[in-house]
Amino acid sequence: MGISSLGKRTMEKIKLGVSACLLGENVRYDGGHKLDRFLTDILGQYVEYVPVCPEVESGLPIPREAMHLEGDPSSPRLVTIRTRQNMTNRMIQWALKRVAELEKEDLSGFIFKSDSPSSGMERVRVFNEKGMPVKKGVGMFARIFIERFPLIPVEDERRLHDPKLRENFIERIFTLRRWREVLTRKENRGNVVDFHTKHKLLILSHSPNYYQTMDKLVARAKDLPLKEFYRRYQAFLMESLQRRTTPRKNANVLQHIMGYFKKLLPSDEKKELLEVIDHYRKETIPLIVPITLIHHYVRKCNQPHLEQQVYLNPHPLELQLRNHV
Ligand code: SF4
């Protein structure tokens with residue numbers, strides 16, 4: 001798959017593919033757009049977008065006849081609603097060429113337009129012979145993109161309005177960017193070990209099982225050919241971060257961190273920190289509260305191993321991703 005072959009250049013901004021109408025481009029069938037202000041005004045400060053409009057780029061005009069998916073949800077047809085033109089082959093041929101071009105773009109993620117028969121990544125309506133819809137489809141282009149790049153994080157703009165899904169997606173794109181930086185360097189086991197050391201607690205917050213599996217993989221890195229070691233590590237990394245964090249998993253990580261300096265703290269400060277972690281576990285305060293306190297103690301107790309943990313700083317504070325309860 002494409003991630004290894006993609007990671008050949010050092011990048012400054014994270015590159016994300018995006019359905020063009022979400023950026024406010026007037027490319028929809030009715031000549032309108034679906035501007036999403038979070039994407040343009042907030043996330044847009046940290047990423048460079050590569051806009052893609054499958055329908056227009058495959059040669060259809062603006063405005064144009066609306067389309068929908070029909071038939072078997074696992075391999076539907078793309079058909080115009082009024083004049084019943086079958087656009088399936090045209091779209092597939094174009095999409096295969098476009099994903100080959102996108103391989104060169106080093107994308108760290110893709111944000112799709114929800115519900116679109118071309119761009120929707122899940123639960124797109126597919127109509128059966130009786131004209132009844134089931135929400136089980138994937139847009140034609142989105143399907144081909146996901147099949148080509150199974151480990152690249154994808155989301156749609158509607159799901160990104162959910163703070164937890166938003167945090168998870170952004171954590172994954174920033175992690176993939178950091179991993180790509182490892183891939184720009186000469187392959188060597190030490191670089192992966194170093195990356196893993198910094199990401200251990202982040203991985204633990206998503207999946208204790210992956211944390212153990214990846215620790216074992218890194219411990220026996222010398223037993224595997226270098227390329228295979230990279231390939232497995234990369235797959236585990238992206239799969240692990242797809243597992244959702246929960247207050248319980250995060251609270252366990254916070255307590256784990258506290259273990260490093262609890263003997264150095266006076267009992268009243270220890271008690272206060274434990275109480276804050278407990279409030280977070282019960283979802284009465286947001287994650288940013290115990291994290292801020294822990295930052296303070298990590299510095300105060302001089303814990304360089306913890307200071308380098310990405311978990312304490314996985315994405316820009318300004319995105320306020322850990323401020324929700
Ligand atoms: S949903 Fe996709 S195909 Fe439709 S206008 Fe937006 S980018 Fe183009």
Side-chain angles (χ1 to χ4, degrees), residues 14-44 47-71 73 75-103 105 107-127 133-149 152-162 165-166 169 173:
I14 294 176
K15 257 192 186 181
L16 289 187
V18 63
S19 297
C21 56
L22 294 174
L23 299 184
E25 294 183 19
N26 291 317
V27 286
R28 279 175 51 89
Y29 72 96
D30 58 2
H33 61 73
K34 283 285 176 182
L35 174 64
D36 186 294
R37 289 266 174 216
F38 168 71
L39 301 187
T40 53
D41 299 359
I42 299 175
L43 191 56
V47 304
E48 178 187 338
Y49 288 121
V50 177
V52 179
C53 177
E55 293 176 17
V56 171
E57 290 183 32
S58 65
L60 296 170
I62 311 168
R64 59 189 169 276
E65 195 182 337
M67 290 174 245
H68 68 199
L69 297 175
E70 288 184 3
S75 67
R77 301 178 300 278
L78 180 65
V79 182
T80 62
I81 297 171
R82 190 171 47 81
T83 59
R84 317 264 327 125
Q85 295 173 68
N86 189 337
M87 298 291 180
T88 313
N89 283 340
R90 172 192 189 126
M91 181 59 80
I92 290 175
Q93 294 313 316
W94 169 82
L96 291 170
K97 274 195 231 140
R98 190 68 169 106
V99 291
E101 287 167 18
L102 288 173
E103 181 127 29
E105 294 277 6
L107 297 182
S108 292
F110 204 111
I111 300 171
F112 290 106
K113 170 72 188 74
S114 57
D115 296 332
S116 157
S118 306
S119 302
M121 60 167 248
E122 61 157 38
R123 294 173 51 78
V124 177
R125 283 179 301 170
V126 184
F127 292 81
V134 281
K135 282 191 153 189
K136 287 190 175 170
V138 179
M140 286 255 133
F141 168 67
R143 180 190 297 278
I144 288 170
F145 182 92
I146 292 165
E147 282 171 4
R148 175 74 170 242
F149 306 114
I152 290 185
V154 295
E155 265 304 350
D156 67 39
E157 91 295 353
R158 190 174 49 206
R159 285 168 50 94
L160 284 178
H161 290 164
D162 176 325
L165 297 178
R166 178 182 290 187
F169 177 69
I173 63 175

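Counting starts at 1 for both ligands and their atoms, in listed order.
Residue-and-atom listing of protein N/O/S atoms under 2.8 Å from atom 6 (Fe) of ligand 1, sorted by chain and number: Cys21 SG.
Counting all heavy atoms, side chain and backbone alike, Arg143 lies closest to Pro76 at NH2-CD, 3.9 Å. Between Ile14 and Ser108, the shortest heavy-atom contact is CG2-CB, 3.6 Å.
Look at Glu122 and Arg159 and you find a salt bridge, because one of the NZ, NE, NH1 or NH2 atoms lies within 4.0 Å of a carboxylate O, short of that distance. By the 4.0 Å N-to-carboxylate-O rule, Arg84 lies close enough to Glu70 to be salt-bridged with it. Ionic pairing of Arg123 and Asp115 is not present here: no N-O contact between side-chain nitrogen and carboxylate oxygen is shorter than 4.0 angstrom.
With sequence neighbours left out, Asn86 forms a side-chain contact (heavy atoms from CB on, under 4.5 Å) with Arg77, Thr88.
Listed by atom number, the atoms of ligand 1 under 4.0 Å from Val52 heavy atoms are 7 (S).
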